Structures are given as C-alpha cells and as structure tokens.
*Asks:* 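First the structure, which I've put down as structure tokens, then a few questions once you've had a look.
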Amino acid sequence: MKLSSYGALAWKAFRANYGRLDHPFKLTFCITYWCNYRCQTCNIWQMKPRDELRIDEIREFMKRSRDFLWVDLTGGEVSLRKDFVEVASAVIEHNPNLLLLHYPTNGYLSDKIVEYTKAIVARRPEKLIITVSTDGDEQTNDEIRGIEGGWQRQMETFRRLREIKGVEVVLGMTLSGRNVDHFPQAFAAAERAIPGLTYRDFHVNIVHESPMYLRNSELGLRSHVAPQALLDAVRDVARLRGLPRGPVGYLERKYQQKVESYLLDARTPMRCHALSTSCFVDSFGNVFPCTIYDRKLGNLRDVNYDLREVWRKPESVQTQREIWEGDCPQCWTPCEAYQSIMGNFLRPGHQVAPPGRLPPPLGEAEARLSASQRI
C-alpha cells in the first residue's frame with residue numbers, strides 16, 4: 001500500500017474544501033470515441049473519429065501532469081484502442097502518487113479485455129477498478145445496447161476479470177426510461193449467471209444527457225422517465241446494498257443519498273468541483289470542465305500537452321467560479337459527484353446557488369487564501 005498516495009489524496013481533498021487546486025487530482029479521459037455497440041441511450045457509436053491523440057501525445061500529456069491521483073479512462077470502448085495497455089501504462093508510470101485507475105468496458109471483446117487487463121495489472125497500479133456495463137437481463141440489455149449476444153459476453157467478461165488477482169470488477173447499470181424499474185430482474189439474471197454475486201457488485205447511477213461527450217441530448221432521455229420513478233429505483237438499490245464498506249462504498253452511498261435532492265430540485269445538490277479538483281479531456285485533446293458541460297476551454301495540442309496552461313487560463317478560472325455558484329447545466333453524475341463529495345466533506349451544508357445569486361460569504365479559512373487561489 002502506497003501510504004503517500006493516500007496521504008496525497010487526503011491532503012488534496014482537505015485543500016479542495018477551501019480553495020481551487022493548482023492541478024486537478026481527478027481526470028476523466030476519453031481515449032477513443034470508437035465503439036462496437038449501438039446503445040439507445042448514447043450516440044457515441046455513430047461517430048467515426050479521426051485524428052485522436054496518439055500514444056506519444058498521451059505520454060507527453062502524462063509526463064507534464066504527474067499530479068493525478070485518480071484517472072478514469074473511458075470511451076467509446078477502451079479495448080478498441082490497440083495501444084490501450086500503453087495508454088494505461090503511461091498513466092501509471094508518470095503519476096507517482098496514482099491511487100486509483102478505473103476504466104469501463106462494454107465487455108463484448110472478452111479475450112482482448114482480459115488480455116489487456118492482465119498486462120495492465122503487471123504494471124502494478126495501486127488500485128484498479130473495472131466496470132462492466134449492463135442495462136438489465138439478457139433481453140432488456142441486448143435491446144438497449146443494440147447487439148444480440150452482448151449480455152452473454154458481458155457476463156463472461158465479468159467472470160473472467162474477477163479471476164484476475166489485483167482487479168476489483170463491478171457491474172455498472174445506468175437507469176433510464178428504458179430500464180428504470182428493471183434492477184431486480186437485472187440482478188436476478190446476473191446472479192444466475194454468476195453464482196455468489198451480491199448487490200454490492202452492482203454500481204447504479206441515473207441517466208444524463210451530454211451534448212459533446214455522449215452526444216445524446218436530442219434523445220430526450222430525461223423527458224422519458226419520471227423523476228419519482230428514478231428516485232424510487234435508486235432508493236431500492238441503496239436499501240438492497242445496505243451499509244457502505246470502505247471509502248468507495250461511502251462515496252457511492254453519499255451519491256445515492258443526494259440523488260433525491262437532485263431529482264426533486266433539478267439542481268446539483270452540492271457545490272460542484274469540476275475545474276476545481278477535476279476536468280474532462282476528450283480523445284482529441286479538448287479540455288472541458290466535465291462530461292456534461294459543453295464549454296471547451298482549450299486543446300492540449302495547442303499548449304504542448306501541458307494541462308496547467310489550460311487550467312490556469314482566466315477563462316478556466318472564471319468558468320470554475322460560475323460552476324461553484326451553480327451557473328452550469330446541473331448534473332449529478334458519478335464522474336463529477338465523488339470528488340465533489342470529498343470537496344464538500346467539511347462544508348456539507350453548502351448547496352449550489354441559483355444562477356445570479358452569490359454564494360454565502362467566505363469563511364475565515366477561505367479569507368486567508370490568496371486571491372489567485374480563492375474560489
């Protein structure tokens with residue numbers, strides 16, 4: 001166990017409660033938009049991307065960063081990059097305090113995913129978590145994901161990944177109008193396929209719309225499902241999972257508890273830490289506050305792959321202040337929620353303000369921060 005990594009995360013999380021960090025500790029990095037599924041809840045599969053960041057560019061990006069503690073590598077389907085192991089290795093090699101590496105997979109290419117994962121484990125990341133996506137039982141899953149036989153492949157991938165020492169693997173389910181009341185059936189089907197499965201092996205979140213990442217805004221996913229139905233489903237999942245175990249379980253529990261506030265008020269339930277502790281970079285090197293907010297702040301290729309150049313731009317600082325005040329699209333995705341929970345741990349009562357309303361006066365600790373650091 002790298003105590004220095006845990007210490008670094010604890011310090012960054014503490015510091016984030018009072019001021020904007022000089023470099024994000026959490027990165028969500030879409031490494032490719034290529035996807036072999038045809039999901040009804042996402043339009044990424046319709047893209048035919050060109051000129052995505054090459055491995056040498058990604059290495060240079062990581063060399064110039066070195067301060068990430070938590071990295072999510074996402075897609076598209078990450079295993080469609082033939083150099084996926086090299087991408088993950090660059091993250092591990094150049095971030096000495098990296099605590100968590102996570103990537104999701106649709107699970108269809110079982111052999112390739114298992115092969116790549118074994119090679120990544122050999123690089124000895126401190127903690128490796130993999131999410132195998134699923135949307136229900138076999139019939140519902142394959143209908144939503146648009147690929148016959150997909151569910152069987154997903155279950156096979158999950159089983160095989162669980163056999164690899166050094167990997168924590170979970171099933172990830174996103175609740176939408178197409179499967180909002182389907183979690184009990186999804187779990188029952190997975191449990192029959194994978195004896196010994198528990199409710200804790202499922203990570204459940206709610207559907208969101210994203211114009212520049214998932215490219216699904218025109219699908220009207222949120223209008224097709226009643227907030228109360230989502231709320232009831234999330235409450236049922238939380239009840240079945242029981243009390244949390246460990247830091248990740250705690251964050252999941254807090255995420256689920258705050259879903260109620262988000263669904264009832266349509267507002268982010270606490271001050272969001274996008275551009276304060278985290279950001280989103282797409283496969284072309286474009287930098288955004290998060291996976292939801294379509295506000296491009298720069299491109300890594302234009303700044304010699306130095307994220308700090310974009311992070312420190314006046315526009316980025318101003319955008320972060322606007323987000324802090326609640327002037328953004330409003331969401332509650334796990335991609336942003338977990339670090340926001342950590343960044344509000346010492347200030348749990350601070351909610352986002354409606355656009356145009358300033359947040360409460362700064363506390364004494366904040367007032368001591370320099371103007372360049374203060375949020």
Side-chain angles (χ1 to χ4, degrees), residues 1 41 70 72 74 99-108 110 113-114 117-118 120-121 125-142 144-145 149-176 178-207 229-260 332-335 337-338 341-342:
M1 178 183 296
T41 54
W70 177 351
D72 280 359
T74 187
L99 183 58
L100 173 59
L101 176 64
H102 167 261
Y103 53 88
T105 175
N106 61 35
Y108 192 77
S110 298
I113 295 163
V114 170
T117 298
K118 288 181 177 178
I120 292 169
V121 168
E126 178 66 20
K127 189 174 186 64
L128 176 61
I129 299 178
I130 305 172
T131 300
V132 179
S133 300
T134 183
D135 282 318
D137 61 14
E138 183 169 4
Q139 179 179 348
T140 301
N141 178 89
D142 290 359
I144 293 176
R145 297 197 156 249
W151 186 85
Q152 292 287 349
R153 296 281 195 98
Q154 291 155 217
M155 295 302 108
E156 177 189 353
T157 299
F158 180 86
R159 282 195 300 267
R160 293 174 63 183
L161 288 176
R162 286 219 302 186
E163 297 172 355
I164 303 175
K165 186 177 181 181
V167 176
E168 181 178 337
V169 57
V170 298
L171 291 168
M173 184 173 180
T174 298
L175 300 177
S176 69
R178 303 181 187 279
N179 66 352
V180 65
D181 59 351
H182 197 70
F183 177 73
Q185 296 95 312
F187 177 79
E191 186 182 29
R192 288 193 296 270
I194 308 167
L197 196 74
T198 72
Y199 290 113
R200 296 181 187 278
D201 293 315
F202 264 87
H203 289 207
V204 179
N205 60 80
I206 58 175
V207 68
L230 283 173
L231 179 55
D232 290 344
V234 171
R235 284 173 172 170
D236 287 344
V237 172
R239 176 180 54 81
L240 292 169
R241 284 174 59 88
L243 295 176
R245 297 177 184 173
V248 175
Y250 167 80
L251 292 174
E252 285 187 276
R253 183 73 167 187
K254 293 294 292 184
Y255 165 80
Q256 292 166 348
Q257 290 174 342
K258 292 296 183 180
V259 164
E260 178 170 358
W332 191 236
T333 77
C335 292
Y338 291 173
I341 292 169
M342 289 188 283

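In this chain, numbering begins with 1 at the start of the sequence shown. Model, not experiment: these values are computed from the prediction.
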*Asks:* Start with the C-alpha gap between Ser176 and Thr41, add the side-chain angles, then the distance that decides, and say whether side-chain hydrogen bond (donor to acceptor under 3.5 Å, both in side chains) holds.
*Replies:* CA-CA 8 Å; Ser176 69; Thr41 54; 5.8 Å; no
*Asks:* Return the minimal non-hydrogen interatomic distance between Leu161 and Ile130, and the atom names on each side.
*Replies:* CD1-CG2, 4.0 Å
*Asks:* Hey, are Glu163 and Arg159 close enough for a salt bridge, meaning a charged N less than 4.0 Å from a carboxylate O?
*Replies:* no
*Asks:* Hey, are Asp135 and Arg178 close enough for a salt bridge, meaning a charged N less than 4.0 Å from a carboxylate O?
*Replies:* no
*Asks:* So Lys254 and Leu251, side-chain contact (heavy atoms from CB on, under 4.5 Å) or not? Walk me through it.
*Replies:* CA-CA 5 Å; Lys254 293 294 292 184; Leu251 292 174; 5.8 Å; no
*Asks:* With no hydrogens and no angle check, is any side-chain donor or acceptor of Asn179 less than 3.5 Å from a backbone partner on Gly136?
*Replies:* no
*Asks:* Flag yes if more than 12 heavy atoms outside Arg200 fall under 6.0 Å of its CZ atom; otherwise flag no.
*Replies:* yes
*Asks:* To the nearest 0.5 Å, what is the distance between CG (Leu100) and OH (Tyr338)?
*Replies:* 11.0 Å
*Asks:* Kindly indicate, with the supporting measurements, whether the criterion side-chain contact (heavy atoms from CB on, under 4.5 Å) is fulfilled by Val132 and Thr105.
*Replies:* CA-CA 5 Å; Val132 179; Thr105 175; 4.0 Å; yes
*Asks:* Compare every heavy atom of Ala238 with every heavy atom of Gln256, then report the nearest pair and how far apart it is.
*Replies:* OE1-CB, 3.5 Å
*Asks:* Nearest 0.5 Å, please: how far is CG in Asn205 from OG1 in Thr333?
*Replies:* 8.0 Å
*Asks:* Is there a donor-acceptor pair closer than 3.5 Å between any side-chain N or O of Arg241 and the backbone N or O of Phe202?
*Replies:* yes
*Asks:* To the nearest 0.5 angstrom, please state how far the CG atom of Leu128 sits from the CD1 atom of Ile164.
*Replies:* 9.0 Å
*Asks:* What distance do Ile113 atom CD1 and Glu156 atom CD have between them, rounded to the nearest 0.5 Å?
*Replies:* 9.5 Å
*Asks:* For residues Val170 and Asp201, determine if any side-chain heavy atom of one lies less than 4.5 Å from a side-chain heavy atom of the other.
*Replies:* no
*Asks:* So Leu99 and Trp70, do their side chains get closer than 4.5 Å, heavy atoms only?
*Replies:* no
*Asks:* Between Phe158 and Val169, is any pair of side-chain heavy atoms under 4.5 Å apart?
*Replies:* yes
*Asks:* Do Glu168 and Arg162 sit within salt-bridge range, that is, some charged N less than 4.0 Å from a carboxylate O?
*Replies:* no
*Asks:* Under the criterion side-chain contact (heavy atoms from CB on, under 4.5 Å), I'd like the reasoning laid out for Val259 against Ile206: C-alpha separation, chi angles, the key distance, then a yes or no.
*Replies:* CA-CA 8 Å; Val259 164; Ile206 58 175; 4.2 Å; yes
*Asks:* Would you say the side-chain atoms of Thr131 pair up with the backbone N or O of Ser133, donor to acceptor, closer than 3.5 Å?
*Replies:* no
*Asks:* Using only heavy-atom distances, determine whether the side chains of Tyr108 and Thr157 contain a donor-acceptor pair under 3.5 Å.
*Replies:* no
*Asks:* Could you tell me whether a side-chain N or O of Arg160 sits under 3.5 Å from a main-chain N or O of Val114, the two making a donor and an acceptor?
*Replies:* no
*Asks:* Could you check Asn106 against Gln154 for side-chain hydrogen bond (donor to acceptor under 3.5 Å, both in side chains), going step by step and ending with a plain yes or no?
*Replies:* CA-CA 7 Å; Asn106 61 35; Gln154 291 155 217; over 6 Å; no
*Asks:* Less than 3.5 Å apart, which donor and acceptor atoms pair up between the side chains of residues 182-197 and the rest of the protein, not counting sequence neighbours?
*Replies:*
| from | atom 1 | to | atom 2 | distance (Å) |
| --- | --- | --- | --- | --- |
| His182 | NE2 | Asp137 | N | 3.2 |
| His182 | NE2 | Asp137 | OD1 | 3.3 |
| His182 | NE2 | Thr140 | OG1 | 3.2 |

*Asks:* Thr74 and Pro104: which non-hydrogen atoms are nearest, and at how many Å?
*Replies:* OG1-CG, 3.6 Å
*Asks:* Would Val180 and Leu230 count as a side-chain contact (heavy atoms from CB on, under 4.5 Å) if you check the C-alpha gap in whole Å, the side-chain angles of each, and the deciding distance to 0.1 Å?
*Replies:* CA-CA 6 Å; Val180 65; Leu230 283 173; 3.8 Å; yes
*Asks:* What is the distance from atom NZ of Lys165 to atom NZ of Lys118, rounded to the nearest 0.5 Å?
*Replies:* 14.5 Å
*Asks:* Check whether any side-chain N or O of Asp142 sits under 3.5 Å from a backbone N or O of Gln139 as a donor-acceptor pair, and report yes or no.
*Replies:* no
*Asks:* In Å, rounded to the nearest 0.5 Å, how long is the span from CG of Asn141 to CE of Met173?
*Replies:* 9.0 Å
*Asks:* Could you tell me whether the side chain of Trp332 and the main chain of Ala337 form a donor-acceptor pair under 3.5 Å?
*Replies:* no
